[in-house]
Every structure is written in structure tokens, then in C-alpha cells.
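Single-structure report; data block below.
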Amino acid sequence: MRIVAHLSDLHFGRTDAAVVDGLIADLARHKPDLAIISGDLTQRARASQFTEARAFLARLPCPAVIVPGNHDLAPIYRPLSRLLAPRARFRRHLAGHDVWPIWTDEEIVAIGLDSTRPFRWTSGKLRTRHLDHIQRVVTASNGAACRIAFLHHPHTHAFGHSFEALVRRDIDLILTGHVHHAHVGLITGPDNATSILIQATTACSTRLRADANGYGLIHIDMPHIDVALQGWSGEAFHPIGRFRFEKRPDGWAELTI
Ligand SMILES: [Fe+2]
Ligand SMILES: [Fe+2]
């Protein structure tokens with residue numbers, strides 16, 4: 001069994017310190033094996049904001065794999081950096097975190113895809129090279145492991161290839177962020193193949209839209225995956241939603257709980 005914490009859209013530079021402390025406390029309580037962070041660690045890719053993000057990563061009770069979000073690229077008001085080296089700050093400040101991260105152990109294979117586009121601000125892209133990369137990693141991985149793809153942009157914002165292409169490549173779980181709105185459900189691809197889609201809200205920033213701050217705790221014990229959404233009440237994180245899925249010969253099914 002593995003517990004994966006899915007965090008997104010931290011936005012250091014625009015965070016609430018009480019929520020950040022509450023998040024660390026909740027993670028310490030649940031002891032995840034791995035944290036997957038699907039982008040927007042900073043508000044404006046400033047050095048001070050990456051320093052805060054790095055300090056946060058150091059406080060996590062587990063290893064983390066991360067991909068950049070649109071806010072982590074060199075900002076548009078620095079057009080030369082944006083043009084020539086949009087991901088240089090991410091790489092420099094989060095040394096050791098590749099923009100194409102992979103985590104593998106006996107039970108999970110997590111593949112990070114950098115969906116950001118330097119010449120667009122809010123839309124992302126799932127490119128052919130992402131899909132080729134997925135195919136290579138999946139082919140080389142333990143067939144019984146749970147396959148996870150994570151990227152910043154959700155289905156509606158990742159232009160080009162749609163997420164059905166991930167379903168076709170036997171991805172079990174797709175984790176995204178960007179829209180600051182939580183969603184858990186199934187996505188159907190060709191031949192009725194299915195993957196589980198989990199979109200996280202912002203974990204700790206004050207850039208709230210419809211949802212409170214929150215994150216996902218994903219319990220993986222194949223062929224079952226349980227998702228617990230944790231939400232900020234104003235004082236602490238509490239469970240606010242539970243979902244259970246089962247992998248069957250014909251694909252993933254959502255169970256009622
Ligand atoms: Fe964001
Ligand atoms: Fe974003």
C-alpha cells in the first residue's frame with residue numbers, strides 16, 4: 001500500500017502562513033510515502049518565492065516530485081528570460097527537481113509532464129514527446145504497479161492531445177491543478193478504457209476561487225484506489241470528500257461508499 005499526497009498551486013508569495021503550517025501538520029499526521037506537486041509553487045517565479053517553496057519542501061515528511069506550472073516560468077514582464085530560458089529559475093532554485101520527474105518503486109510509477117507553454121500564459125499542452133516519454137516509462141515499468149501521470153494543466157486547458165491519449169497509454173491516475181478547483185472522477189478513452197482524474201484546488205494560497213484550500217490523500221492498494229480530499233476549515237485540514245475506485249478487467253469503476 002502506498003499513500004500519495006497530491007498538492008497543487010502552492011503559490012508562495014501569496015500564501016496564508018496558518019494554512020501552510022496546517023498543511024505540514026496534516027501531512028505529518030497522515031505520513032504519505034510520496035508528495036506529488038502539480039505546479040504553481042510560486043506566484044511570480046521570484047527568487048524569494050522559490051526559497052519559500054524550497055523551505056516548504058524541506059518540511060515535508062516524505063520525498064516530493066514536482067512539475068512547473070505557468071506561474072513558475074520566467075514572468076512575461078521579463079520577455080528576454082521568458083523567451084530564452086523560461087524554466088531556468090525553476091531548475092536553479094529547485095535543484096534536484098527535473099522538469100521531467102519520474103518516481104518508481106514496487107507499487108507506483110509516477111511520471112511528471114511539463115505542460116507549460118512559455119508563449120501562452122494560462123493554457124498548457126500535452127505534446128507528442130510527453131506521450132512518447134509516457135510510453136517508454138510505462139513499457140519499462142513493473143506491470144502490476146499503479147501508473148500515475150501528473151501535470152499542471154487540466155483536461156480543458158491542455159490543448160493539442162487530449163487526456164484520452166493518456167488513458168490509451170494505460171495510465172491509472174491523472175493528477176492536475178491550475179484551476180484552483182477540486183474534482184475527482186473517471187475519464188473514458190478509446191475502447192471504453194478508463195483512468196481516474198484528480199484535480200486539486202490550491203493547497204495553501206490566498207488565490208481562492210470556488211473551493212477552500214485543500215489537497216488529496218490517495219491510498220493505493222491495487223486494484224483499489226481510495227481518494228480522501230482534505231479541506232481547510234479555518235483551523236485545520238479535515239476530510240471533506242471520499243471516493244473509492246476498483247480496477248476491473250474492463251477498466252476502472254467508481255464504487256459507492
Ligand atoms: Fe495556480
Ligand atoms: Fe496555473
Side-chain angles (χ1 to χ4, degrees), residues 5-17 19-20 22-23 35-57 60 64-78 81-82 86-91 93-94 97-101 112-127 130 149-163 166 174-184 197-216 229-232 237:
H6 174 212
L7 316 175
S8 200
D9 297 79
L10 312 174
H11 287 287
F12 282 100
R14 281 283 298 275
T15 51
D16 179 330
V19 181
V20 174
L23 181 58
I36 292 181
I37 306 180
S38 49
D40 280 358
L41 282 84
T42 65
Q43 178 59 19
R44 283 284 177 265
R46 295 205 170 111
S48 60
Q49 296 170 356
F50 276 116
T51 301
E52 278 188 68
R54 219 171 41 229
F56 174 82
L57 294 174
L60 290 176
V65 281
I66 61 184
V67 284
N70 51 314
H71 282 257
D72 301 321
L73 302 192
I76 281 167
Y77 59 80
R78 297 221 183 276
S81 312
R82 180 83 174 191
R87 299 169 184 85
R89 293 172 182 212
F90 181 93
R91 287 201 173 96
H93 293 290
L94 298 175
H97 288 279
D98 199 318
V99 292
W100 290 75
L113 306 170
D114 175 3
S115 60
T116 57
R117 306 172 80 186
F119 303 108
R120 296 277 189 280
W121 181 237
T122 57
S123 71
K125 191 160 189 173
L126 199 52
R127 300 172 175 87
H130 290 137
F150 61 103
L151 64 162
H152 183 58
H153 293 87
H155 197 213
T156 46
H157 288 59
F159 299 142
H161 292 282
S162 67
F163 280 19
L166 296 176
I174 304 170
L175 310 182
T176 66
H178 184 59
V179 286
H180 299 201
H181 173 60
H183 169 80
V184 181
L197 199 57
I198 304 178
Q199 190 178 287
T201 180
T202 167
C204 54
S205 92
T206 55
R207 292 170 56 93
L208 296 169
R209 299 204 180 115
D211 295 352
N213 290 117
Y215 75 101
L229 293 183
Q230 299 289 106
W232 178 248
F237 280 88

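Given the structure is predicted, the values throughout are model-derived calculations rather than measurements. Residues take their numbers from the sequence shown, with the count starting at 1. All ligand and atom numbering here is 1-based and tracks the order in the structure.
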[Y] and [X] side chains, donor-acceptor separation under 3.5 Å:
{"X": "S38", "Y": "H6", "answer": "yes"}
{"X": "S205", "Y": "H11", "answer": "no"}
{"X": "D16", "Y": "T206", "answer": "no"}

**Request:** On the 0 to 90° scale, with breaks at 30° and 60°, tag the F237-W232 ring pair as parallel, tilted or perpendicular.
**Result:**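 Tilted: the ring planes of F237 and W232 meet at 30° to 60°.
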**Prompt:** Should the ring pair H155 and F163 be called parallel, tilted or perpendicular, given that the plane angle runs from 0 to 90° and is split at 30 and 60?
**Reply:** tilted
**Request:** Looking only at N, O or S atoms, find the one in H11 nearest to the Fe ion (ligand 1) and name it.
**Result:** NE2
**Prompt:** Which single N/O/S atom of D40 lies at minimum distance from the Fe ion (ligand 2)?
**Reply:**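 Considering only N, O and S atoms, D40 comes nearest to the Fe ion (ligand 2) through OD2.
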**Message:** Any N/O/S atom from H71 (main chain or side chain) under 2.8 Å of the Fe ion (ligand 1)?
**Reply:**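 Given the 2.8 Å cut-off, H71 does not count as a ligand of the Fe ion (ligand 1).
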**Request:** Check whether any N, O or S atom of H178 sits under 2.8 Å from the Fe ion (ligand 1).
**Result:** no
**Prompt:** How wide is the angle at the Fe ion (ligand 2) between NE2 of H152 and OD1 of N70, to the nearest 10°?
**Reply:** 90°
**Item:** Partner of H180 by side-chain hydrogen bond (donor to acceptor under 3.5 Å, both in side chains), out of D211, T201, D9
**Value:** D9
**Asked** Are any N, O or S atoms from H153 nearer to the Fe ion (ligand 2) than 2.8 Å?
**Response** no
**Message:** Is D9 close enough to the Fe ion (ligand 2) that one of its N, O or S atoms comes in under 2.8 Å?
**Reply:** no
